Amino acid sequence: MKKELRTHRIFNGITLLAILYLAFTSFTEKTNDSIAKKFSTIDVERINIVEPDGTVKMIITNVDQFPTGEGTKINDIPTNKSRKKRAGMLFFNEDGIECGGLIYDGMKKGNEHRSGLSLTYDQYNGDQVMQLLNQDYQDGDGNRSVSSSLRFNDRRPDEASTEGKFGPGVPRVMLGKSRSQNNGLFLFDDKGKPKAMFYIGKDNKPRLETYNDNMEVEHSWPEEN
């Protein structure tokens with residue numbers, strides 16, 4: 001009798017543990033989306049940030065997983081098939097259309113090196129109209145060119161397109177350092193031609209220049225002797 005009672009208690013104990021385990025795991029599975037998890041280090045090639053309906057809103061990616069190429073789509077929308085793969089982030093608006101991003105790269109080969117960083121904000125269903133850009137190049141002879149600037153572009157609908165897509169960008173405003181190492185404010189007309197520049201040259205002297213439609217200096221300050 002005592003042996004049967006002991007066996008019964010053991011069986012009841014095992015059954016209770018099994019019920020508690022199933023209840024806990026079932027609760028965890030049902031509420032998995034709301035459970036916060038903390039990690040000290042995560043190694044991952046790409047992260048897609050999505051809305052509850054599955055719409056991708058941001059992508060954090062390495063070079064290999066960068067979404068580009070023939071047939072590649074995000075939110076059922078084709079990506080730029082000719083764009084170079086780079087590590088960085090891409091942003092998407094409420095309609096699932098790409099609206100900006102942060103990309104960067106850099107490498108050295110012999111005496112040559114190149115590096116770049118670009119943070120962009122896109123016009124709706126178009127390419128970048130605002131860009132923070134840094135470029136650093138050095139050729140095999142040691143000639144180095146560095147430019148850092150904030151740029152604003154115009155992008156009007158492409159007249160040749162029946163879909164109303166935006167054509168190539170036209171620079172209108174650039175603030176920063178040009179490849180000629182001039183630091184200042186550079187203004188362009190609606191065709192992208194330079195019209196006015198106010199800058200500090202490599203000689204650390206200020207200059208103000210305006211240009212005609214042939215991109216020739218029309219007025220300058222200080223006047224040359």
Side-chain angles (χ1 to χ4, degrees), residues 44-51 55-107 113-138 145-161 163-197 199:
V44 62
E45 295 184 4
R46 176 168 149 176
I47 297 176
N48 296 335
I49 307 299
V50 301
E51 295 292 350
T55 302
V56 176
K57 296 303 295 291
M58 183 171 72
I59 293 176
I60 306 173
T61 179
N62 66 3
V63 175
D64 185 63
Q65 295 291 332
F66 190 90
T68 186
E70 189 71 38
T72 303
K73 294 183 178 182
I74 300 295
N75 297 322
D76 293 325
I77 300 173
T79 62
N80 187 336
K81 63 182 180 181
S82 61
R83 183 165 53 184
K84 180 181 176 181
K85 289 177 174 286
R86 291 183 174 90
M89 295 186 292
L90 295 176
F91 313 122
F92 300 83
N93 63 19
E94 283 73 12
D95 293 332
I97 302 172
E98 185 179 333
C99 58
L102 168 66
I103 56 175
Y104 59 91
D105 62 7
M107 64 176 296
H113 76 247
R114 63 173 177 80
S115 70
L117 180 144
S118 174
L119 174 62
T120 59
Y121 298 90
D122 298 346
Q123 187 164 313
Y124 182 84
N125 202 22
D127 216 335
Q128 61 258 26
V129 291
M130 179 176 173
Q131 182 179 28
L132 181 63
L133 181 67
N134 180 77
Q135 295 174 308
D136 184 349
Y137 299 97
Q138 179 171 296
S145 173
V146 180
S147 62
S148 302
S149 60
L150 176 61
R151 304 183 180 195
F152 298 88
N153 305 317
D154 274 351
R155 290 188 181 274
R156 292 173 292 183
D158 188 352
E159 296 178 356
S161 174
E163 300 177 3
K165 293 185 177 180
F166 292 91
V170 176
R172 296 305 303 270
V173 180
M174 189 187 96
L175 178 66
K177 180 191 292 185
S178 68
R179 290 191 178 184
S180 57
Q181 304 304 291
N182 296 325
N183 288 275
L185 175 64
F186 307 87
L187 305 177
F188 306 83
D189 64 14
D190 60 4
K191 297 180 178 61
K193 295 181 179 180
K195 297 299 292 184
M197 301 181 182
Y199 63 92

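Note that the structure is a prediction, hence the values are computed from the model and not measured.
- Looking only at side-chain heavy atoms (C-beta outward), Ser82 and Asn80 come within less than 4.5 Å of each other.
- Two residues are said to be in side-chain contact when any heavy atoms from C-beta on lie closer than 4.5 Å; Met107 and Arg114 meet this criterion.
- Arg151 contributes atom CZ, which lies 13.0 Å from atom OG1 of Thr120 (distance to the nearest 0.5 angstrom).
- Here the OG-CZ distance, from Ser178 to Phe186, works out to 4.5 Å after rounding to the nearest 0.5 Å.
- Counting heavy atoms of neighbouring residues, nucleotides and ligands inside a 6.0 Å radius, atom NZ of Lys84 exceeds 12 of them.
- Within the 4.5 Å cutoff, the side chain of Tyr199 has no heavy atoms near those of the Asn183 side chain.
- In this structure, Leu187 and Met197 have side chains that are not in contact, with every pair of non-hydrogen atoms separated by 4.5 Å or more.
- Side-chain contact between Ser118 and Leu102 is absent, with no heavy atoms from C-beta onward closer than 4.5 Å.
- For Tyr124 and Asp95, the side-chain atoms include at least one donor-acceptor pair closer than 3.5 Å.
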Next on the checklist: Assess the residue pair Phe92 and Ile74 against the criterion (side-chain contact (heavy atoms from CB on, under 4.5 Å)); give the C-alpha distance rounded to whole Å, side-chain angles, the decisive distance to 0.1 Å, and a yes or no.
Outcome noted: CA-CA 9 Å; Phe92 300 83; Ile74 300 295; 3.6 Å; yes

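- In this structure, Leu119 CG and Leu132 CG are separated by 5.5 Å, a value rounded to the nearest 0.5 Å.
- For the pair Gln181 (side chain) and Val146 (backbone), a donor-acceptor distance under 3.5 Å is present.
- Across Phe66 and Thr61, no two heavy atoms sit closer than the pair N-OG1, 3.3 Å.
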Checklist entry - Between Asp122 and Glu98, is a side-chain contact (heavy atoms from CB on, under 4.5 Å) present by the stated rule, with each step listed? => result CA-CA 8 Å; Asp122 298 346; Glu98 185 179 333; 4.2 Å; yes

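- One distance of note links CD1 of Ile49 with CG of Leu90; it measures 12.5 Å at 0.5 Å rounding.
- Atoms SG and NZ, on Cys99 and Lys57 in that order, are 8.0 Å from each other to the nearest 0.5 Å.
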Checklist entry - Where do Asn48 and Ile60 land on the side-chain contact (heavy atoms from CB on, under 4.5 Å) test, with the steps shown first? => result CA-CA 7 Å; Asn48 296 335; Ile60 306 173; over 6 Å; no

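- For the 3.5 Å distance criterion, the side chains of Asn75 and Thr55 fail to qualify, holding no donor opposite an acceptor.
- The side-chain heavy atoms of Ile59 and Arg46, taken from C-beta on, include a pair separated by under 4.5 Å.
- Using a 4.5 Å heavy-atom threshold, the side chains of Met174 and Phe152 count as separate.
- Considering all non-hydrogen atoms of both residues, Arg86 and Tyr104 come closest at CB-O, 4.0 Å.
- Between the Thr68 side chain and the Arg83 main chain, a donor and an acceptor come within less than 3.5 Å of each other.
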Item to check | Worked check of salt bridge (charged side-chain N to carboxylate O under 4.0 Å, His left out) between Arg172 and Asp190 | outcome: CA-CA 7 Å; Arg172 296 305 303 270; Asp190 60 4; 5.7 Å; no

Next on the checklist: Using side-chain contact (heavy atoms from CB on, under 4.5 Å), reason through Thr79 and Lys73 one step at a time and then give a plain yes or no.
Outcome noted: CA-CA 6 Å; Thr79 62; Lys73 294 183 178 182; 5.8 Å; no

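- A distance of 11.0 Å separates CE of Met130 from CG of Asn153, quoted to the nearest 0.5 Å.
- Using a 4.5 Å cut-off on side-chain heavy atoms (C-beta onward), Ile97 and Ile77 make contact.
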